[in-house]
Structures are given as C-alpha cells and as structure tokens.
Amino acid sequence: MSSAGTMLTSRDANLVSCHDCGHLAPVSAAHCCARCNATLHSRLPDSVNRTWALLITAMILYIPANLMPITLTSSLGKTQGDTIMQGVLYFLSHGEWPIALVIFSASILVPLSKMIAMTYLLISVQRRSPKRRVERAKIYRMVEFVGRWSMIDVFVVTIMVALVKLGALATIRAGSGAIFFCAVVIITMIAAESFDPRLIWDESEADD
Amino acid sequence: MAEDESLQPILVACPDCDLLNQLPELAPDESASCVRCDATLSRNPKNSLARGLALTWTAIILFAIANAFPFLSFGKDGIVTHSTLVSGIISLYHEGMYFLSAAVGFTTIVVPVIVLSGLCYLLLPLRFDRKLPGAEFICRWLLRLQPWNMVEIFLIGIIVTAVKLHKMADLVPGLSAWAFILLVFVLTWTQATLEPRLIWERLEAAR
C-alpha cells in the first residue's frame, strides 16, 4: 500500500473508536464511550502479549488433545479408546469420505492452520512488517470466522455419550482428549479475539 | 427514524485497520466496506428491526419446542435410549466431565437463551422508540457473545453422529430434532437481518 501515507487513521486524527458500538469520539480524559459506556482504547491493551500467551497455551494443550482418546467405547467387555485421527480413519475405512473430510477439516486442518496463521500474524506485527497487509487482514478475518467450527468433534462426542448407552452391547464415554481439544478450541477463539488487527497497519503511518 | 430509511452519511473508523472512512448515504439493502482492508463497515438491511423481532419470536418458540420434546432415539431389539437436547450435557456431568459439560451447555443452551431474551429486551421497546434500563450494556454483551452461540455447529455435529451411528442401530429423530433444524435456519437469518449500527443509532434516539 504505497498510498498509505495519504490515509488517515482515527489515531492520527486524535480520535478513538469504541470497540463495541463504533462510536467515534475525540481522545479525552473520559475512558468510557459516550454512547454505550464501554471502556475506550485506541488499541486493545497488551494485545500481542495476551495473544501469544493464549496461543502458546493452546499449542501445548493441542498435543494431549491429539494423543489421548476423545471417546472410550465399551462393547462386550472390551474398552477401546479412539483419538481424533482414528475417528477420521474410521470414516475413511467405511467409505464415508465426505464425513471424514468434515471431521479432518474441523478437527485437524482448522486448528493447525489457525495456530500457524496466528503465529505468522503475531511475528509479522512484532517485526512491524509492511508486507502483504491486505492479505494478512483477510487471514485474520478468516481465522476469526472459521475457528468456532472446530467444536464439531466436541458436540459429536456429547451426542454419542447421550445416545450410546446400550448396556453391555455398546456404551460410549468421553475421553480426556476431548477435554484438551475443547480447551484448545476455546483458548484459540479467545486468542483471536484478543489480537488487535489494527496492529497490522500501524507502523506505516508512523514511518510516513 | 422510520423503518426502511436510508442511513445517513457518517465518519467511521474501520474496526479492523483504524482507517477513517467517510461512508456515503446507504439506501436499504446497501452496504459499505473499508477502502483499505475491505472489512464490512455498515449495512442497511431492509426492515431490519421489525424482521429481527419477528425472527427472534420465532426462534424463541422453536427453541422451547427443541427443549421440550424427545430429540433423538437410538437403539435396537428393545434396548432404546431416548435423549433430549440436554441429555449429553447431563451425561457428561455425571461422568465427571464438568468442563466439557459446561462448555457444551454454555454454547448450545446458555448463550442462545441469553441472546434470544436479550434481543427481545432490546427490540420490543425499540418498536415504540423506547429503551429499558441497561439496554446499552445488554447490546454490548450480545455482540460479544455472538461467536459463542454455536447451535449451527451443533447441527453439523448431529449429522456427523447420525452417519457414524446409523449402522450400529436405529436412529430416530424426534419432534425436537426438526424444531432444532428450523431454529438453526431462523437464528442464521436473524443474524443476517440485524445490523449493530442500526440498533445503536435507534438506541441513541430512544427514550
């Protein structure tokens, strides 16, 4: 964006826009929005550090989420644990490849690419990189939009636990992997919300 | 401000890149996005508040039905489990999976209830250009809670489970399951119909 120099942000104009209602007001002693009473910040406080902390937590929890079983199936005295990947392989081996694709996307592809994308956004913001700002803005919006869909597997486990109670024939319980996986989804969602996308654009104005 | 009016020109800062954008007048069903990063800045859906309120009522009725009747039945040869929408949450709780139980309960029951009752609290008085105490506080939290309302994801979860279980035994959807499917469509439609800027401007003008 070579034309960035001619573009004025609210911060340049000594204005602050409310995160909640979008009300635009001059920066003043008042810390609350005149319209909706939310606390005003020009940028989200401590955004990069908070997002890193949440992201690293999610990365650590992602390991047991994948190694430990998300469901425990007891059938005729035998108990078998299934991890997320084994769930995908189950559908593949039964020829249900559309469902295998849904689970693979929601439980493996989305969380992994989300964590990689957030890492890239954080590092590029910290290095104040002026490159590919429009693309990074799009990546951020994609991450924000798609993250919640990873909850599919947690809901599948919940519904199976409620339904498969056929005594000795078959009983399904939730495994500890499901707890870690659910935590990963929630924490990465909070991480995406604590990242301030305006930081992607910030340095150009200061440089110009 | 009457329904179906154009939105007035306004200066806004893009929430995604902070650029000041001078928005033109927006006729019904027009929208504007940021000239620098392409984020959607404002929309003007036709009849937004009236439709939003009607859809909210519909969603409340469907949500009540979805919780009042059997959801899914599963089993064969006389061993059958009947479940309701909250059965899974209760089972997880009894298994000691408190965190999972809370997370699923929050995203599929608690948040939808807060969102639907909150929308009623805001939109019904706004029809008469009035607002009830704490309207701004509720509006802020409804917007913040929006990503945590996960009924549509739960629906995909049901479909995946159905594919997984239908070979093991018979899976029969109850009345609640059909109400829930309708609920997902109505809630998605409600979100597409409502525009935060419209609500904020109407709240500002209301008594």
Side-chain angles (χ1 to χ4, degrees), chain A residues 1 4 7-11 13 15 17 19-24 35-38 90-91 94 96 99 102-103 106 133-134 137-138 140-141 144 148-149 151-167 169-170 173-174 178-179 182-183 186 189 193 197-198 200-202, chain B residues 10-20 35-39 71-76 79 81 83-84 87-92 95 97 99-101 103-104 107-108 136-137 139-140 143-144 147-148 150 153-154 156-161 163-165 167-169 171 196-197 200 203-204:
Chain A
M1 295 296 287
M7 292 185 164
L8 197 65
T9 65
S10 76
R11 181 189 257 180
L15 298 170
S17 162
H19 292 301
D20 288 291
C21 76
H23 185 72
L24 197 60
R35 176 157 74 178
C36 77
N37 206 30
Y90 170 89
F91 281 118
H94 285 72
E96 311 270 15
I99 297 290
V102 169
I103 297 280
R133 289 198 158 110
V134 177
K138 289 203 170 101
Y140 174 71
R141 284 198 282 271
E144 213 185 8
R148 28 203 303 283
W149 285 91
M151 281 295 273
I152 289 178
D153 238 354
V154 174
F155 293 149
V156 170
V157 171
T158 308
I159 303 165
M160 288 206 296
V161 165
L163 288 176
V164 187
K165 286 179 177 165
L166 307 180
L169 198 61
R173 286 178 297 127
I179 301 175
C182 182
I186 291 174
M189 278 179 73
E193 279 171 34
R198 290 171 291 195
I200 296 172
W201 303 86
D202 267 353
Chain B
I10 191 178
L11 181 72
V12 296
C14 172
D16 280 11
C17 79
D18 206 32
L19 185 76
L20 290 171
V35 294
R36 180 162 75 170
C37 79
D38 204 34
F71 194 68
L72 294 168
S73 306
F74 178 72
K76 66 176 176 189
I79 318 171
T81 321
S83 74
T84 62
S87 293
I89 299 163
I90 296 168
S91 303
L92 287 174
E95 282 177 23
M97 295 285 189
F99 172 73
L100 272 185
S101 172
V104 176
T107 52
T108 61
E136 286 85 2
F137 174 83
C139 193
R140 262 196 279 140
L143 289 168
R144 288 181 189 176
W148 302 94
M150 298 194 180
I153 303 169
F154 194 79
I156 305 297
I158 295 169
I159 295 168
V160 171
T161 316
V163 174
K164 198 162 192 169
L165 294 181
K167 278 176 188 154
M168 197 193 262
L171 187 63
R197 180 184 161 193
W200 285 119
L203 278 178
E204 210 175 7

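A, B, ... follow the sequence lines: proteins, then strands. Residue 1 opens every chain.
For B:F99, the part lying near chain A is the side chain, with the backbone staying farther off; criterion is any non-hydrogen pair under 4.5 Å. Looking at A:A183, the atoms closer than 4.5 Å to chain B (heavy atoms on both sides) sit in the backbone and in the side chain alike. Of the atoms belonging to B:V163, heavy atoms from both backbone and side chain fall under 4.5 Å from chain A. Only the side chain of B:L171 comes within less than 4.5 Å of a heavy atom of chain A; its backbone N, CA, C and O stay farther away. At a 4.5 Å heavy-atom cutoff, the contact between B:I158 and chain A is made by backbone and side-chain atoms alike. For a residue to count as touching a neighbouring chain, one of its non-hydrogen atoms must lie under 4.5 Å from one of that chain's; by this rule B:I153 touches chain A with backbone and side chain alike. When heavy atoms are compared at a cutoff of 4.5 Å, A:L24 approaches chain B solely by way of its side chain, counted from C-beta outward. Using a 4.5 Å cut-off between heavy atoms, B:K167 touches chain A through its side chain atoms alone. Looking at A:V157, there are no atoms closer than 4.5 Å to chain B (heavy atoms on both sides), in backbone or side chain. Looking at A:A137, the atoms closer than 4.5 Å to chain B (heavy atoms on both sides) all sit in the side chain, from C-beta outward. Contact of A:E144 with chain B is not made at all, since no heavy-atom distance falls under 4.5 Å. Heavy-atom distances place the side chain of A:I99, and not its backbone, under 4.5 Å from chain B.
Judged by distance alone, the side chain of A:R35 and the main-chain N or O of A:C21 form a donor-acceptor pair under 3.5 Å. When atom types are taken as modelled, the side chain of B:T81 and the backbone of A:L163 share a donor-acceptor pair closer than 3.5 angstrom. Checked by atom type and distance alone, the side chain of B:S83 pairs as donor or acceptor with a backbone atom of B:L72 at under 3.5 Å.
Closest non-hydrogen pair, B:R144 versus A:A38, comes out as NH2-CB, 4.5 Å. The two residues A:E193 and A:Y140 come nearest to each other via the heavy atoms CA-OH, 4.4 Å. When every heavy atom of B:F74 is checked against every heavy atom of B:M168, the shortest pair comes out as CZ-SD, 3.8 Å.
In this structure, B:D16 CG and B:R36 CZ are separated by 10.5 Å, a value rounded to the nearest 0.5 Å. Within the model, atoms OG1 of A:T158 and CE of A:M151 stand 7.5 Å from one another, a figure rounded to the nearest 0.5 Å.
Counting heavy-atom pairs closer than 4.5 Å to chain A, the top-ranked of the candidates B:I79, B:T84, B:V104, B:L143 is B:V104. With respect to chain A, the highest number of heavy-atom pairs below 4.5 Å among B:G157, B:A103, B:S101, B:S87 belongs to B:G157. Each of A:L15, A:V154, A:I159 has some count of heavy-atom pairs under 4.5 Å with chain B, and the biggest count is that of A:I159. The greatest number of non-hydrogen atom pairs below 4.5 Å with chain A, out of B:C139, B:P15, B:A169, B:C14, is found for B:P15. Per-residue heavy-atom pair counts under 4.5 Å with chain A were compared for B:E95, B:M97, B:E136, and the maximum is reached by B:E95.
Counted within 6.0 Å of CZ on A:R173, heavy atoms from surrounding residues, nucleotides or ligands total 12 or fewer; the atom is thus considered open.
Taking 4.0 Å as the cut-off between side-chain N and carboxylate O, B:D38 and A:R141 do not count as a salt-bridged pair.
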